[in-house]
S.K.: 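This is the structure I want to talk about, given as structure tokens.
Since the structure is predicted, the reported quantities are computational estimates derived from the model, not experimental observations. To find a chain, count down the sequence lines: A is the first, B the second, and so on, and within it residues start at 1.
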Amino acid sequence: MNDTRFDPSTADGRWQRAWDEARCFEADSNSAKPKSYVLEMFPYPSGRIHIGHVRNYTMGDVLARYRRMRGDEVLHPMGWDAFGMPAENAAMEKGVHPAGWTYQNIETMKGQLKQLGFALDWSREFATCDPEYYGHEQGLFIDLYEAGLVYRRSSAVNWDPVDMTVLANEQVVDGCGWRSGAKVEKRQLDQWFLKITDFAEDLLDGLGELDNWPQKVRLMQENWIGKSTGLEFSFDLSSGDTLPVYSTRPDTIFGASFVAVAADHPVAAGVAESSAEAQAFIEQCRAGGTTAAELETAEKLGFDTAITAKHPFTGANLPVFIANFVLMEYGTGAVMAVPGHDQRDFDFATKYGLPIPRVVAPSADEADAPLTEAYSGDGVIVNSDFITGMGVDEAKAAIIAKAETGGWGEGKTVWRLRDWGVSRQRYWGTPIPFIHCEACGVVPVPKADLPVKLPEDVDFQTPGNPLERHPTWKNVSCPKCGKDARRETDTLDTFINSSWYFLRFASQPDDKAFDAQEIAKWMPVQQYIGGIEHAILHLLYARFWTRALAHIGKMDVKEPFASLFTQGMVTHETYKAGDGSWLSPGEIKRDGDDWVHIESGEPVSVGRIEKMSKSKKNVVDPTDIIRDYGADAVRWFMLSDSPPERDLPWSEAGIEGCGRFVQRLWRLFGQFDASAQGEDKGLARKTHQAIAAIAQDIEALAFNKAVARLYELTSAAEKAEPSASRNEAIRALLLMSSPMMPHLAEEGWAAMGEEGLAANAPWPQVDEALLVEDEVTIAVQVKGKLRDTLTAPKGASKESLEALALASEKVQRSIDGAPIRKVIVVPDRLVNIVA
RNA sequence: GCGGGCGUGGCGGAAUGGUAGACGCCGGGGACUUAAAAUCCCCUGAUCCUCGGAUCGUGCGGGUUCGAGUCCCGCCGCCCGCACCA
């Protein structure tokens, strides 16, 4: 039928247009079919899509197309996470407007995505920088404010001196800005906060039900939320003050031998007022590095304040130190130090010659065993007055109870999670919809005035916040009293944009952010796919927003993503010239087993396989490879070989193999012979086994296995003689490969004379009867070692299998006349003879 | 330091406790061709070998089992996340 080659350069575009015209992939909320929401993390429009996007969206696309074939109404949308600093940086560097730059990039990238033939519902596309989108976001922000989930306070913020903006704690990596890498400073500013801590317990508990999330991600979030329980109580100080401390080990209270406060603690400040030495020590602490390496080696340092703290039970006077290892941000910024059972306290006590009593021992016999390091294990309480002899947990409860009855302390839960600071002193973000009035205070912008749009005439040539510098934008009248007032010039953290975009995809009315009933039809997202780098920030914020919106009655969904899949990166070999500079694959050529630089002829060393990055010049541009091999070969490569959660090494040889397979399938489609008759039972069986197995593989997102099975069935069909069974195999292959290689499938579908689009065809039916083999291969082992294989009818009795096995000459030779002690028969699988 | 994951041919990787290495890539041999491309066929874990097979083999060492890549214990190595969180 076709001796020609499949030509993606014409076919790809033709079918992409056909899908568009037929509006195949537009989701119908009113459909009676089961709903299925498949979503990949939407891209930031940085300029061009990269190969990681291609892998991510190909996986989602296979699932979306597969679910459609299984009869679901599928929502598979795409949009743009379009606010953010790169647009502003471009504005500063190139003098282009962030909006122009962003929308231009969106156009380019949309074109690239279209070339890949993704089954996306483009009718729901939006960018988070569309005033319509951020206007609704402003409305939601005001709703949360009115529900008490948004507040403002002055706080020390992480200030990035290069980007001239405030960073969230999460955006500070090792004391440096996550983008600029500049050393972060502390500044006091009035900031907007979201009360994520109100949901700490709920966010933690919710993790337990996310069975279809990677355990790794759940653990990361659990650690991030960081729940701990313990006792908060106050020491009476010799200075007359009281000093609250927090401990998760109140059971060790009789082992406390000193008290330590953070350098930023008020007690430290008080001491510093009259002591230059203390002041100097505090400054030394602040200067200390916070990187992992520095902390690893940092010595425990302290300054004796000469103040003492009275132990609540023993009445002993414990010295109070300012210590460099106590954090002001956690607990109360002060600790009771128990050197016997906390390594940091141990190190400190050793250095300053403080007592190191033992109050926990593995057993009562070891109550006075000397400590060479802190003992943090379980055991029995010793040397501790009324709690001596108790277990650790029992003692914790006893001390907390005693403190609560005595009125000097209480059991308390402390979280590592902080409220989310969302103020950014930048232009390219959602304007925070509030007005500051001298008389009325902070006033929300009336809903009717939303969106608060960004001004277009802004100056990017000076650092800082362009909204602040704009001559008129911030001058408004107060919505309450009408007097002159000032518009808030901070914009929202871009993570807010991505915290509810999946809701807007599901429902996008004009008059509100989304419609609860429409949301209920699609949410939660059935399968969410994206990179592991969002394990904490984006995914935790999205979970929080969803809960917060449910909490204020906007909808009825608590968890946004029922299943989460984190895909691996696309990696590539790196190449280095003799002088150590990186070379791109295009600059080198093969010379026997070695590589040489084309230009200089110098030898090239092959470096590690690493994530594609511009600096290492190991990037492959999706546009180039789509042009060279066609969308289907690229998609196929993205799914082949590596399991989707692992890294995928890009290789020229690999993509060429994929290109060959596209043609191979095309030739096979051409051998579909409508006139062929007769049954080929073996092939039919393989076909139906493949249909069942590939469906399972796709549902498990085990695309590499589905691919392997498609190869197998292809080989079998190629080798078979023409028959009705063979036609069935070819047709099944076409349909089963269509989620992966949709253009080829459409071309083949048309060539076979089928009606309509393959994209609308159902998944092939499995004939259950054909899944069962009637003959099986039985492995025959002697003492667990394979000696022979034999063929037996399916379901043969144990006795007959044993007899068959014993009849084997190879088996007899192996037994060599030894007496048979035992025979294990696993029906339809194996016989193991123990001689 | 804490938490998690992984270790299988030259490479990416398959394998409900039951024939280890499916499938792909690389490599080798052959067919077709004036030639090349394309395509097709065969081989491809190691060692020994009388060419029928034998022995070994899933990071290392133990264990459970008729049988272990898979389960258990102890090491080694690599990767990731968090980290002076009281």
S.K.: Using side-chain hydrogen bond (donor to acceptor under 3.5 Å, both in side chains) as the criterion, list what pairs up with A/S715, not counting sequence neighbours.
M.R.: A/R664
S.K.: Scan A/I824 against the nucleic acid and name what it touches under 4.0 Å (heavy atoms): base, sugar-phosphate only, or nothing.
M.R.: base
S.K.: Which pairs, with at least one residue in residues 812-835 of chain A and sequence neighbours excluded, count as a ring-ring contact (aromatic ring centres under 6.0 Å, His included)?
M.R.: none
S.K.: With sequence neighbours excluded, what pairs up with A/K412 under the side-chain hydrogen bond (donor to acceptor under 3.5 Å, both in side chains) test?
M.R.: A/E232
S.K.: Please encode protein proximity along nucleotides 20-31 of chain B as a string of B, S and -, counting only heavy-atom distances under 4.0 Å.
M.R.: --BSSSS-----
S.K.: If I pick the P atom on B/G5 and the same atom on B/C72, what distance separates them, to the nearest angstrom?
M.R.: 11 Å
S.K.: For A/Q343, which residues count as a side-chain hydrogen bond (donor to acceptor under 3.5 Å, both in side chains) partner, sequence neighbours excluded?
M.R.: A/D347
S.K.: Please give the stem ranges for RNA chain B, sorted by first residue number, where a stem is three or more consecutive Watson-Crick or G-U pairs and both donor-acceptor distances are under 3.5 Å.
M.R.: B:1-7 with B:76-82, B:10-12 with B:23-25, B:27-31 with B:39-43, B:45-48 with B:53-56, B:59-63 with B:71-75
S.K.: Tell me which pairs pass side chain to side chain donor-acceptor pair (under 3.5 Å) where either residue lies in residues 639-662 of chain A, with sequence neighbours left out.
M.R.: A/Y629-A/E652
S.K.: Show me the pairs that pass ring-ring contact (aromatic ring centres under 6.0 Å, His included) and involve residues 699-718 of chain A, at least two apart or across chains.
M.R.: A/W636-A/Y711, A/F661-A/Y711
S.K.: Can you pull the salt bridge (charged side-chain N to carboxylate O under 4.0 Å, His left out) pairs that have at least one residue in residues 820-835 of chain A, sequence neighbours excluded?
M.R.: A/K794-A/D828
S.K.: Can you list every pair that meets side chain to side chain donor-acceptor pair (under 3.5 Å) and has a residue in residues 255-267 of chain A, with sequence neighbours left out?
M.R.: A/D264-A/R286
S.K.: At a heavy-atom distance below 4.0 Å, what parts of residues 328-344 of chain A sit against RNA chain B?
M.R.: A/Y330, A/V335, A/R344
S.K.: When we call it a touch if two heavy atoms are under 4.0 Å apart, what does A/N832 touch: a base, just sugar-phosphate, or nothing?
M.R.: base
S.K.: Listed by chain and number, what are the side-chain hydrogen bond (donor to acceptor under 3.5 Å, both in side chains) partners of A/D345, not counting sequence neighbours?
M.R.: none
